[in-house]
Q: 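One structure, pasted below without further comment.
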Amino acid sequence: MEKKYPEYKQLNLSQVADEMLEVWKREKTFEQSIETRKGKEPYVFYEGPPSANGLPGIHHVMARTIKDIFCRYKTIAGFQVKRKAGWDTHGLPVELGVEKELGITKEDIGKKISVQQYNDACRKAVMRYTDVWNDLTEKMGYWVDMDDPYITYENKYIESVWNILSELYKKDFLYKGYTIQPYSPKAGTGLSTHELNQPGTYRDVKDTTIIAQFRVIQNERSNRLFENTKNEVFFLAWTTTPWTLPSNTALTVGKNIQYAEVETINQYTRKPISVILASDLVAKYFNADMEGKSASEYNGKGGVPWKKADEFSGADLVNAQYEQLLPYTLPMDNPEEAFRVIAGDFVTTVDGTGIVHTAPTFGADDARVAKVAGVPPMLVEGEGGQGIPLVDLQGRFIDQMGDLAGKYVKNEYYDAGKTPDMSVDVEIAIRLKEENRAFKVEKYVHNYPHCWRTDKPILYYPLDSWFVKTTAAKSKLIENNKKINWKPKSTGEGRFGNWLENLQDWNLSRSRYWGIPIPIWSNEDGTERIIIGSVEELKAEIKKAVDAGVMDNDPFADFEVGNMSKANYDTIDLHKHIVDDIVLVSESGQPMRRESDLIDVWFDSGSMPYAQWHYPFENKEVFEQNYPADFIAEGVDQTRGWFFTLHAIATLAYDSIAYKNVISNGLVLDKNGHKMSKRLGNAADPFETLKKYGADATRWYMITNAQPWDNLKFDLEGIVEIQRKFFRALHNTYSFFALYANVDGFKFEEDYIEVASRPEIDRWILSKLNSLVKTVSSSFDNYEPTQAGRLIQDFVVNDLSNWWVRLCRKRFWRGDYSEDKIAAYQTIYECLKTVAVLSSPIAPFYSDKLYRDLNSITANDAESVHISLIPEVNESLMDGELESRMELAQRASSLVLALRKKQNIRVRQPLGKILIPVSDETFKSKMEKVTDVILNEVNVKEIEFIDPNNELLVKQIKPNFSKLGRAYGKQMKALATLINGLSQEQIKAIEFKGELEVELEGQLITLTPEDVEIGSKDVPGWLVASEANVTVALDITITDDLKFEGLGRELVNRIQNLRKDSGLEVTDRINVKVAKNDIVQNAINYNLNYIRTETLSDNLDLVEGTLIENGVGVELEEGIDTIIKIEKV
RNA sequence: ACAGCUGUAGCUCAGUUGGCAGAGCGCUCCCCUGAUAAGGGAGAGGUCACUGGUUCGAUGCCAGUCAGCUGUACCA
């Protein structure tokens, strides 16, 4: 049997996807799409590693669709696109999952369970959902090389990361320092912002707050403050955490804030005082009624008497010194620099006093401004000589704190039943009141973070951490950012740009267990240090240590330096539980232990450009070819995550950018615009969605509905619509083609018919098609997939399916296998194939199916659409003129159809004539070229173009705003009214004489045809409609001939219905009997050949109705009945 | 609180170097019926979030406000 184009009953996208997956597997299509591009220019893509510890969600389908689109697009654009998968395997979520599973907490590690057991559990857990992920990857049609992924816990990966760290260290970009971090004393661990943002961690609590009085020391720096008062002068500063007051070393003011000096009395001691606070806040603390009253008038109620004594700017206050408020201890370093006023940009007058109590050991802002100003933190010398804060890691005051020593800073930290009546905060408040140092003490409700594990309030606590000195490379980072093409631009300039402008050093340390250990070993007092940049280096150091006797043996004895095999690397493990046992020896012969921290997991993923290739130990060439990336894409939430870490590491370690183009996509919300969450049950299941609607429709919907960087309101109804509109239109178009191509045996064997000699309609769609290739390509090139998808969709639905196919149907089912028919086949074939190629990045399954089906007979092209190349744009076929006149035809047709509707004249009833007024020759010649198209579509015999000065026409005029506006400006409104009111004669004068003088607000002005738009509104006696610049008038007279012809068409229609109802094939020939009567007889005789051709009837007999057995009664039009019978020949 | 994005028809979204606002879906009515779980026509439906400014003219430009979302921060 002869081969045919496959025909389908209906479209099932999900089934198509399954089928194509099989084919791809069998033919190794993905591998081929890379293999066949060997030697071509590479297009480098980096995969941001997901964590297989969690299940994938619908947003992953979104993110990966975007990645996939550009990789596929660049492949069919001729590039070679390798894409290596990756897995992010470290980090807190993994640890938490394991702890939950094992029923343990962090404190149990090292006690109930060894670090090794813990890490083994993590290693197993982290790849828990790998299968699910691989399944999703496959089902959604995401092409990424999953056979050889990079995995961040592998020794080779870690070794590369160590190498980067050692590079940074050598460039002096690593340092150890204190930083204030959220810390949970009861859990004994620092918390990440991620942990702090868990729901329920911020709670309203009622705390004792104090406005403390810091006594100003009078000297040359502060004389200005004493000019207008005799009282003792105090700075007022508010705190919600009185326990930090002993650690105060500075007060911070805003340079541009105005401060007032107020003479008053202390409400607790009644002593006269002068206090300094922000002018804006005076009214908040001092009652207007008491202004200017004397101290004796104070009765303990209604506020204290007061009087403004002076005003200063913040700058005036800077550097003034004050007495230490609670002199338990002095800072160990530079105490002379402490206890003075400094400036900070974060100070506001929203609450407090406009002067901020600054304790650099317990506040991040505090630490920052203090460091800038050279104010020391309140650290005292600990046992090893190192600085320690006044509060220990359990949350208790240290021994040096006298009466406070050993007390917890928060009552919540005491074990149940042991809580003292008075909290430290209250004790301090009482003491300050007694010492005339408390201006105001009150309870205050505020929002404060709590540890989500212990439920206790957290502390901001200084922890020893390793930092990457990103601030040192700030300008370089900003400069490099300008080389990156961000989509959308605003994320790069705004969110990311601002982030870089306000850059802080990157805190690398995490006191965790499952992660990449910091490869730094130090001696006891931290004076000697070594950083390890490779296993080779480590082994060399171990050997020294063993030789020196600080270590017994080499745990990596089996490892063979220089052997890059997996087996060799499997003999070692670079995780904490192993490397912590390694003790190295310093140059002076002291033992050195590893710094106990792990590094931030973000550093893991930011190292992937290098570590995925085990660079620089292996694959140097591969790395160089694949760096930097041409393209990456992830969610906006990665702006400060992966996007930043890639950028920072590239800039710091290699002075380069890591990626050239980046798309940061928005979130996938539910259909009401709410965040999806499993808890709320509004999260869409990706597998269910893909199964039910198919990956193609899901992908197409996600991409075309909203720009990738806008949030997507994910609505399943939307996918259904995409299926119905786009895929079904495309599929129907193909089915239509396949049906007739099979009948006629079209195999694209004939010579290519020159486009120039094809009919107007074909040249039109091919012009549109070439424009499409061009615009879609440039959309993809500009990383605008939404635009690309919408363009394709418009073309398929509007141009190809609803216009070209509609107008060309007859060409397929009628007549011989003529030149015209072949042209039609070649045209539609080319359109379909090109659409398949263009849409393949977005809808990889259906497009390949379509492409293969088209190829199944002609077999003249690449095996898969994903290996094919985008057809070259043939500029010579693009004809704007042609496209615009087809628009005119569409408009004219639509007008005629509207007129028919108005008169209830069905389209099958032919009509005689339409009139179209043509104002100029170009318009006329455009119209003439599409006359056939219009006549065909609207079933009218003839178009007559009439002169615009034809008396029949009633003119319509509109001002040309953009032209006149520029010339007449203010008078535009009056002019518009005037023009709209012009008479028919005046309009014609403009049109034919070329000008008209009118009076505008007492002034004579001349209107020319360019100043206005003139159209025809009406042709008296005709049915007229107009839209934009097209007007049509329809002659609705139905002559006898037209009537018979119309009936003939009705008859054809009825016969066709019967054919269809009888289940005949489109190619079956038939014999027809029709019951005789006068009108029907005329109609048939008049149209005999036409009817027979259309219906494929060998015989068409008129017989007496009584002679027809089993005929079917039909009504041709109202009052005209007959009986028809058809038989297959 | 700060920053970014968004705000156009009932819904999802286009649009405009500034010139009386569009599509699809949905809704109402009708037509068509060899693409048929399609197709065509007509209709209803808008203060282009709000306020002020620039302009002859603002949905568009400028300033501010409000709302939604996201991120960062939560600090005295």
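By convention in this document, chain letters (A, B, ...) are assigned in the order of the sequence lines, proteins followed by strands, and residues within each chain are numbered from 1.
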Q: Scan A/N1053 against the nucleic acid and name what it touches under 4.0 Å (heavy atoms): base, sugar-phosphate only, or nothing.
A: sugar-phosphate

Q: Please work out if A/F714 contacts a base, only the sugar-phosphate, or nothing of the nucleic acid, heavy-atom cut-off 4.0 Å.
A: nothing

Q: Return the value, rounded to whole Å, for the distance between atom CG of A/L281 and atom C1' of B/A76.
A: 12 Å

Q: Just how far, in rounded Å, is P of B/C75 from CD1 of A/I342?
A: 18 Å

Q: With A/Y825 as reference, evaluate A/F736, A/F812, A/Y740 under the ring-ring contact (aromatic ring centres under 6.0 Å, His included) test and give the passing residue.
A: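 With A/Y825 as partner, ring-ring contact (aromatic ring centres under 6.0 Å, His included) holds for just one option, A/F812.
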
Q: Are A/Y5 and A/F737, when compared by the centres of their aromatic rings, separated by less than 6.0 Å?
A: yes

Q: Output yes when at least one side-chain N/O atom of A/N498 is less than 4.0 Å from OP1 or OP2 of B/C2, else no.
A: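 No, A/N498 has no side-chain N/O under 4.0 Å of OP1/OP2 on B/C2.
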
Q: Mind checking if A/R728 touches a base, just sugar-phosphate, or nothing, with heavy atoms under 4.0 Å?
A: sugar-phosphate

Q: Once you apply the 3.5 Å cut-off to both distances, tell me the Watson-Crick or G-U wobble partner of B/U65, or none.
A: B/A49

Q: Using the C1' atom as the reference point in each nucleotide, state the distance between B/C75 and B/A14 in Å, no decimals.
A: 45 Å

Q: Atom NZ of A/K725 and atom C1' of B/A37: how far apart are they, to the nearest Å?
A: 14 Å

Q: Between A/D715 and A/T733, which has a closest nucleotide on RNA chain B that is more 5'?
A: A/D715

Q: Check this one for me: any side-chain N or O of A/N711 less than 4.0 Å away from OP1 or OP2 of B/U70?
A: no

Q: Name the pairing partner of B/C27, where a pair is Watson-Crick or G-U wobble with both distances under 3.5 Å, or state none.
A: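 Partner of B/C27: B/G43.
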
Q: Could you state the CZ-P distance from A/R1049 to B/G34, rounded to the nearest angstrom?
A: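 Distance, rounded to whole Å: 13 Å.
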
Q: Pick the C1' atom in B/G4 and in B/G18, then give their distance to the nearest Å.
A: 27 Å

Q: Using heavy atoms to find the nearest nucleotide of RNA chain B for A/L712 and A/H357 separately, return the residue whose nucleotide is more 5′.
A: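 It is A/L712, whose closest nucleotide lies nearer the 5' terminus.
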
Q: Roughly how many Å apart are B/U47 and B/U65, using the P atom of each and rounding to a whole number?
A: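 Going atom to atom, P in each nucleotide, I get 25 Å.
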
Q: If only side-chain N and O atoms of A/R724 are considered, is one of them under 4.0 Å from the OP1 or OP2 phosphate oxygen of B/U36?
A: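 For B/U36, OP1/OP2 do not have a side-chain N/O of A/R724 under 4.0 Å.
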
Q: Quote, to the nearest angstrom, the C1' distance that separates B/C13 from B/G19.
A: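 B/C13 and B/G19 have their C1' atoms separated by 24 Å.
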
Q: When you measure from the side-chain N and O atoms of A/N802 to the phosphate of B/G39, is any distance below 4.0 Å, counting only OP1 and OP2?
A: no

Q: Classify the ring geometry of A/Y701 against A/F714: parallel below 30°, tilted from 30° to 60°, perpendicular beyond 60°.
A: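 Ring orientation of A/Y701 relative to A/F714: perpendicular.
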
Q: Report which part of the nucleic acid A/R809 touches: base, sugar-phosphate, or nothing (heavy-atom distance under 4.0 Å, all strands).
A: base

Q: A/K440 has an atom NZ; how far is it from atom P of B/A76, in whole Å?
A: 17 Å

Q: Has A/Y693 got a side-chain atom pairing as donor or acceptor with A/Q723's backbone, closer than 3.5 angstrom?
A: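 Looks like no, no N/O pair under 3.5 Å.
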
Q: I'd like to know whether NZ of A/K371 has more than 12 heavy-atom contacts from other residues, nucleotides or ligands below 6.0 angstrom.
A: no

Q: Nearest to the side chain of A/E721, which nucleotide is it out of B/C13, B/G24, B/A35?
A: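 Selected nucleotide: B/G24.
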
Q: Rounded to whole Å, how long is the line connecting atom OH of A/Y285 with atom P of B/A76?
A: 13 Å

Q: Considering Watson-Crick and G-U wobble pairs with both distances under 3.5 Å, what does B/U17 pair with?
A: none

Q: Check every strand shown and say whether A/E501 touches a base, only sugar-phosphate, or nothing at a heavy-atom separation below 4.0 Å.
A: nothing

Q: Find the partner of B/A35: check Watson-Crick (N1-N3 plus N6-O4 or O6-N4) and G-U wobble (N1-O2, O6-N3) distances, both under 3.5 Å, and reply none if neither fits.
A: none

Q: Just checking, is any N or O donor in the side chain of A/T209 or A/K443 under 3.5 Å from an acceptor N or O on the other one?
A: no

Q: What about A/R495, does its side chain sit under 3.5 Å from the base of B/U72 through a donor-acceptor pair?
A: no

Q: Quantified in whole Å, what is the P atom distance between nucleotide B/G40 and nucleotide B/U36?
A: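 It comes out at 15 Å once rounded to the nearest Å.
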
Q: Looking at the side chain of A/Y740, which of B/G34, B/A35, B/C75 is the nearest nucleotide?
A: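 Nearest nucleotide to the side chain: B/G34.
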
Q: Counting just side-chain N and O atoms, does A/K713 come under 4.0 Å of either OP1 or OP2 of B/C11?
A: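 For B/C11, neither OP1 nor OP2 has a side-chain N or O of A/K713 closer than 4.0 Å.
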
Q: Once you apply a heavy-atom cut-off of 4.0 Å, does A/S801 come out as touching a base, just sugar-phosphate, or nothing?
A: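 Answer is base: heavy atoms of A/S801 come under 4.0 Å of a base.
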
Q: Can you classify the ring geometry of A/H357 versus A/F214 as parallel (below 30°), tilted (30 to 60°) or perpendicular (above 60°)?
A: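 Rings of A/H357 and A/F214: parallel, under 30°.
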
Q: Would A/H59 and A/L667 count as a side chain to side chain contact (heavy atoms under 4.5 Å, CB included) if you check the C-alpha gap in whole Å, the side-chain angles of each, and the deciding distance to 0.1 Å?
A: CA-CA 7 Å; A/H59 56 288; A/L667 299 153; over 6 Å; no

Q: Taking atom C1' in both B/A44 and B/C29, compute the distance separating them and give it to the nearest angstrom.
A: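 Rounded to whole Å, the distance is 11 Å.
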
Q: Can you check the distance between B/G7 and B/U59, where both ends of the measurement are the P atom (answer in whole Å)?
A: 16 Å

Q: Would you mind pulling out the nucleotide paired to B/U55, Watson-Crick or G-U wobble, both distances under 3.5 Å?
A: none

Q: Pick the C1' atom in B/U6 and in B/G45, then give their distance to the nearest Å.
A: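 Result for the C1' pair: 24 Å, nearest Å.
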
Q: Counting side-chain heavy atoms from CB outward, which of B/A76, B/C25, B/A14 is closest to A/D710?
A: B/A14

Q: Measure the distance from CZ on A/F736 to P on B/G39 and round it to the nearest whole Å.
A: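 Checked: the CZ to P distance equals 15 Å.
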
Q: B/A38 P sits how many Å from A/F737 CZ, rounded?
A: 24 Å

Q: How is A/T240 classified with respect to the nucleic acid when contacts are heavy atoms under 4.0 Å: base, sugar-phosphate, or nothing?
A: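 Sugar-phosphate: the residue A/T240, judged by heavy atoms under 4.0 Å, touches backbone atoms but no base.
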
